[in-house]
There are 2 protein chains.
Amino acid sequence: MLHLNIDCIFAPVMSNTRFATAIHILTLLTVSPGEYLSSEWIASSIGINPVIVRKELSMLHEAKLVFTRKGKDGGSTLNKPATEIFLADIYIAVKNSEVLGKKNQCPNPLCPIGKRINEKLENLFSETDRVVINFLKDKTLAEFASQFH
Amino acid sequence: MLHLNIDCIFAPVMSNTRFATAIHILTLLTVSPGEYLSSEWIASSIGINPVIVRKELSMLHEAKLVFTRKGKDGGSTLNKPATEIFLADIYIAVKNSEVLGKKNQCPNPLCPIGKRINEKLENLFSETDRVVINFLKDKTLAEFASQFH
DNA sequence: AATAAATGTAATAAGTTTTGTTACATTTAA
DNA sequence: TTAAATGTAACAAAACTTATTACATTTATT
């Protein structure tokens, strides 16, 4: 079963879509148990470039969430049951920044606030991240994917 | 469980320094009660350009968190006690309203997953956003600033 | 009234991050 | 041997963030 390519009619306003991409990939794998889906097929469902999918799959492989087979009839499949994959795993696998963003790089060390702001922000930022991860750690990929039945 | 939220201000990652800048500004105002700090002075503490500070102050003014005086000896001060400003207020104030989320823009409507993924992500993103706001809504600016004593 | 010092904001440049594309070596089934 | 797939490097394009310049406006002070 192949998807047709659909041209996007919306204005190109996009920033980081890595979580959306990752969970889309994993949802497709979940609803196709035992099948090896190709990056091109996955890409046509998401509406992005197959190379981006392969890069994301590479991350998900590092996180041991998927298994990928090379060569003819190759593709990817889940590396464990969807009931054992948590949204926090996905979040951690793809995240490259904290929920509250980045710190300024050069606060003034001569200012009492500037001198210590980043250490305080580090605490706040990582606490906030922990809250998010805690929320996502009880939600399974299986649950998420079951919404599409 | 489905949610009715249309507006989504959560993104899996925030890759800018706006929250860090805003809380830095507000912390300086907190530890200088009654004083009007200039954008240039604030900028030199943060280590960024004064125009960026003024733009951020403009956002914080819209959120009614600061009061700004123009002209000579002008500058900004808190618009209410730091005990009544919550980190959630700051978080909400600095969100970029044009980016409601970071979903892929053109998932394939011919794919059962692609067709509905964004509505499901919308729910997940706004739920997660609520968790973050809930965490930040009990933390006051006063508390944060008191760490610098 | 003149001056100095500040904000507000538009326009634009520069820098950074994210996504897309091309190309091709490698892998694997048939 | 061939076809179809991954892996990944190198580069291009697009989007986003931050910095800079410029200047009109505002306001206290002399």
Minimum-distance nucleotide to [X] side chain [options: [options]]:
{"X": "Lys55(B)", "options": "dA11(C), dT19(C), dT6(D)", "result": "dA11(C)"}
{"X": "Arg54(B)", "options": "dT18(C), dG8(C), dT18(D)", "result": "dG8(C)"}
{"X": "Ser58(A)", "options": "dT8(D), dT27(C), dT7(C)", "result": "dT8(D)"}

Nearest whole angstrom, please: distance from the [atom2] of [N] to the [atom1] of [X].
{"X": "Leu57(B)", "N": "dA6(C)", "atom1": "CG", "atom2": "P", "result": "14 Å"}
{"X": "Phe19(B)", "N": "dT18(D)", "atom1": "CZ", "atom2": "P", "result": "14 Å"}
{"X": "Lys72(A)", "N": "dA30(C)", "atom1": "NZ", "atom2": "C1'", "result": "6 Å"}
{"X": "Gln105(B)", "N": "dT18(C)", "atom1": "CD", "atom2": "P", "result": "16 Å"}
{"X": "Arg18(B)", "N": "dT17(D)", "atom1": "CZ", "atom2": "C1'", "result": "10 Å"}
{"X": "Leu37(B)", "N": "dA5(C)", "atom1": "CG", "atom2": "C1'", "result": "15 Å"}
{"X": "Asn16(B)", "N": "dA19(D)", "atom1": "CG", "atom2": "C1'", "result": "15 Å"}
{"X": "Lys102(A)", "N": "dT18(D)", "atom1": "NZ", "atom2": "P", "result": "7 Å"}

Residues of residues 41-53 of chain B with any non-hydrogen atom less than 4.0 angstrom from an atom of DNA chain C: list those, numerically ordered, please. Val51(B)
Heavy atoms under 4.0 Å, any strand shown: does Ser76(B) hit a base, just sugar-phosphate, or nothing? nothing
Taking Arg54(A)'s backbone N and O only, do any of them form a donor-acceptor pair with Ser58(A)'s side chain (distance below 3.5 Å, no angle check)? no
Mark yes or no for whether Asp129(A), through its side chain, and Val99(A), through its backbone, hold a donor-acceptor pair below 3.5 Å. yes
Cluster question for you: counting only ILVMFWY and a side-chain heavy-atom cut-off of under 4.5 Å, with indirect links fine, are Ile90(A) and Phe148(A) together? yes
Does a donor on one side chain sit under 3.5 Å from an acceptor on the other, for Asn134(A) and Lys137(A)? yes
Below 4.0 angstrom from OP1 or OP2 of dT7(C), is there any side-chain N or O of Ser39(B)? yes
Is there side-chain contact between Val131(A) and Glu127(A), with at least one heavy-atom pair below 4.5 Å? no
4.5 Å side-chain heavy-atom contact, Val94(A) and Glu56(A): yes
Measure up the Phe125(B) and Phe19(A) rings against each other and bin them: parallel (under 30°), tilted (30 to 60°), perpendicular (over 60°). tilted
